[in-house]
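The sequence lines fix the lettering, A, B, ..., with proteins before strands; numbering per chain opens at 1.
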Number of protein chains: 2
Amino acid sequence: MYYDHRMTPLTLDRLLQIGDLFRRDMERAFAGTALTPARVHLLWVVHHAGPSTQRELAEACGVSPRNITGLLDALERSGHVRRVPHPSDRRAVLVRLTDDAVAMMSRMQIEHADLDEALLSAVAPDERAAVERGIAAIAERLEVLVARAEGRPS
Amino acid sequence: MYYDHRMTPLTLDRLLQIGDLFRRDMERAFAGTALTPARVHLLWVVHHAGPSTQRELAEACGVSPRNITGLLDALERSGHVRRVPHPSDRRAVLVRLTDDAVAMMSRMQIEHADLDEALLSAVAPDERAAVERGIAAIAERLEVLVARAEGRPS
DNA sequence: TATTGTTATACTCTATAACTATA
DNA sequence: TATAGTTATAGAGTATAACAATA
């Protein structure tokens with residue numbers, strides 16, 4: 001929560017507020033279950049990438065391999081993923097969603113798209129295309145600025 | 001990181017990506033110091049609210065009072081805040097920024113506004129007003145949806 | 001009796017470093 | 001020698017519950 005509560009918040013504050021609201025809502029939605037935002041994100045990555053090694057998942061999530069081990073331990077206990085042997089590399093494992101998890105992620109993907117639509121419907125119809133373009137442009141600009149600050153000019 | 005990497009990401013994915021990029025950049029910027037995103041956010045709240053009780057800060061940050069105790073312990077050790085006696089309630093303390101922290105937060109506020117401008121300058125000038133309106137509308141809509149989901153119809 | 005903040009405890013997310021088993 | 005994943009260790013953020021001092 002890095003946003004401000006002044007009379008007229010900066011657009012950047014609004015953008016940060018959106019991320020926080022989303023995360024908080026996800027935590028609430030999964031309260032009492034084994035799922036957390038980090039674990040759901042990992043499921044999301046596996047859902048879209050298909051069976052993957054832990055190394056690949058660490059890369060895709062932008063976290064350390066060790067962190068993936070811990071998240072997967074929890075997701076395996078809760079029955080959302082299985083670790084199966086890699087067919088050609090006995091060091092590695094392939095992470096797969098269970099059938100239940102596949103069904104859950106499919107539902108979640110639909111809800112995600114529904115939420116996207118519900119949010120965009122708050123925009124004036126004749127401005128919607130501009131808003132979608134603008135948000136994409138802002139995200140891309142920020143990506144460039146962050147990459148530059150990290151010293152890897154993209 | 002709840003966004004997707006498909007060819008044409010949903011606008012919602014872009015919005016979540018923006019929040020993650022911002023947080024990651026802040027972590028990088030403060031690496032090696034005592035500051036973290038949660039602590040900076042707390043400084044930000046104190047900077048804007050003025051001297052406050054821990055109870056008030058917990059409310060403003062949306063976290064437990066116990067959590068504020070821990071964040072303030074670290075910020076006091078690092079010389080960013082002081083706890084001073086409350087003038088009329090001997091149970092409570094007033095949290096104040098140190099002079100150094102005030103100076104730092106003032107600089108940060110300027111940088112924050114500069115970043116806001118840098119991001120919006122990525123938007124076509126004739127669409128900028130629509131994009132600002134649209135993002136505000138999306139944030140407000142999401143706030144309503146989350147409040148409803150939490151069972152406190154706003 | 002209610003409130004402010006702390007101590008006690010616990011869980012999650014995260015990281016680095018050292019180690020094992022394989023390549 | 002390099003890579004995939006785990007064990008060991010540690011720090012940060014978060015929560016609830018029990019407690020002290022004060023209101």
Side-chain angles (χ1 to χ4, degrees), chain A residues 1-2 20 23-24 26-28 30-46 51-78 80-96, chain B residues 1-2 19-20 23-24 26-28 30-46 51-78 80-95:
Chain A
M1 291 186 285
Y2 307 104
D20 282 340
R23 163 174 288 253
R24 209 171 58 169
M26 176 178 281
E27 272 169 358
R28 179 202 54 74
F30 289 115
T33 77
L35 293 179
T36 62
R39 291 171 193 171
V40 171
H41 178 238
L42 180 50
L43 291 178
W44 186 264
V45 168
V46 178
S52 310
T53 65
Q54 297 189 192
R55 177 73 177 170
E56 289 164 348
L57 296 176
E59 182 76 18
C61 292
V63 300
S64 67
R66 176 60 184 91
N67 194 0
I68 295 294
T69 297
L71 294 172
L72 289 178
D73 287 349
L75 287 169
E76 209 167 28
R77 273 197 303 273
S78 59
H80 291 94
V81 304
R82 281 178 309 150
R83 286 171 163 115
V84 303
H86 191 286
S88 64
D89 186 340
R90 285 195 299 167
R91 293 172 305 180
V93 298
L94 280 184
V95 177
R96 307 183 68 99
Chain B
M1 292 185 285
Y2 306 103
D20 282 340
R23 163 174 287 254
R24 208 170 60 168
M26 177 179 280
E27 271 169 358
R28 179 202 53 74
F30 289 116
T33 76
L35 293 179
T36 63
R39 293 173 192 171
V40 170
H41 178 237
L42 181 50
L43 291 178
W44 185 265
V45 168
V46 178
S52 310
T53 66
Q54 297 189 193
R55 177 70 175 173
E56 289 164 349
L57 297 176
E59 181 76 19
C61 292
V63 300
S64 67
R66 176 60 183 92
N67 194 358
I68 296 294
T69 296
L71 295 172
L72 288 178
D73 287 348
L75 288 170
E76 209 167 27
R77 273 197 303 273
S78 59
H80 291 94
V81 304
R82 282 177 308 149
R83 286 170 163 116
V84 302
H86 190 286
S88 64
D89 186 340
R90 284 195 299 167
R91 293 173 304 182
V93 299
L94 281 184
V95 176

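- The CZ atom of A/R83 sits 6.0 Å away from atom OG1 of A/T69, with the distance rounded to the nearest 0.5 Å.
- If you take CD of B/E76 and C1' of C/dG5, they are 13 Å apart, rounded to a whole angstrom.
- No side-chain heavy atom of B/Q54 sits less than 4.5 Å from a side-chain heavy atom of B/P65.
- Minimum atom distance to the side chain of A/D89 is reached by C/dT22, of the listed C/dT12, C/dA8, C/dT22.
- Rounded to whole Å, the distance from CG on A/D73 to C1' on C/dT12 is 13 Å.
- Using a 4.5 Å cut-off on side-chain heavy atoms (C-beta onward), B/L35 and B/L75 make contact.
- Taking a 6.0 Å sphere around CD of A/E59, one finds it holds 12 or fewer heavy atoms contributed by other residues, nucleotides or ligands.
- With sequence neighbours left out, the side chain to side chain donor-acceptor pair (under 3.5 Å) criterion links B/R55 to no other residue.
- Rounded to whole angstrom, the span from the CZ atom of B/R24 across to the P atom of C/dA15 amounts to 11 Å.
- The nucleotide range of DNA chain D contacted by chain B, defined by atoms under 4.0 angstrom from heavy atoms of the protein and reported 5' to 3', is D/dA12 to D/dA23.
- In this structure, the CZ atom of B/R66 is 17 Å from the P atom of C/dT4, given to the nearest Å.
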### Residue pair B/V84, B/V93: steps toward the side chain to side chain contact (heavy atoms under 4.5 Å, CB included) verdict
CA-CA 6 Å; B/V84 302; B/V93 299; over 6 Å; no
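- Side chain A/R90 to base C/dT22: no donor-acceptor pair is found below 3.5 Å.
- Regarding contacts with the backbone of C/dT12, a side-chain N or O of A/R39 is found under 4.0 angstrom from either OP1 or OP2.
- Residue-level contact check: A/L71 touches the backbone only, with heavy atoms under 4.0 Å from sugar-phosphate atoms and none from bases.
- The C1' atoms of five pairs define one axis at each end of the helix from C/dG5-D/dC19 to C/dA23-D/dT1, and these two axes lie 0° apart (to 10°).
- Atom CZ in B/R23 sits about 11 Å away from atom C1' in C/dC13, given to the nearest Å.
- In this structure, CZ of B/R55 is placed 13 Å from P of C/dT6, rounded to the nearest angstrom.
- Take the nearest nucleotide of DNA chain C for A/A74 and for B/P65: the residue whose nucleotide is more 5' is B/P65.
- Following rounding to the nearest Å, B/I68 (CD1) and C/dT7 (C1') show an atom-to-atom distance of 17 Å.
- Checking the phosphate oxygens (OP1, OP2) of C/dG5, no side-chain nitrogen or oxygen of B/T69 falls inside 4.0 Å.
- Here the options are B/L72, B/V95, B/V81, the test is side chain to side chain contact (heavy atoms under 4.5 Å, CB included), and the partner is B/L42; only B/L72 passes.
- Distance CD (B/Q54) to C1' (C/dT3): 13 Å, rounded to an integer number of Å.
- Between B/S78 and B/T33, the closest side-chain pair of non-hydrogen atoms is not below 4.5 Å.
- By the neighbour-count criterion of 12 heavy atoms within 6.0 Å, atom CD of A/E76 is densely surrounded, having more than that number from other residues, nucleotides or ligands.
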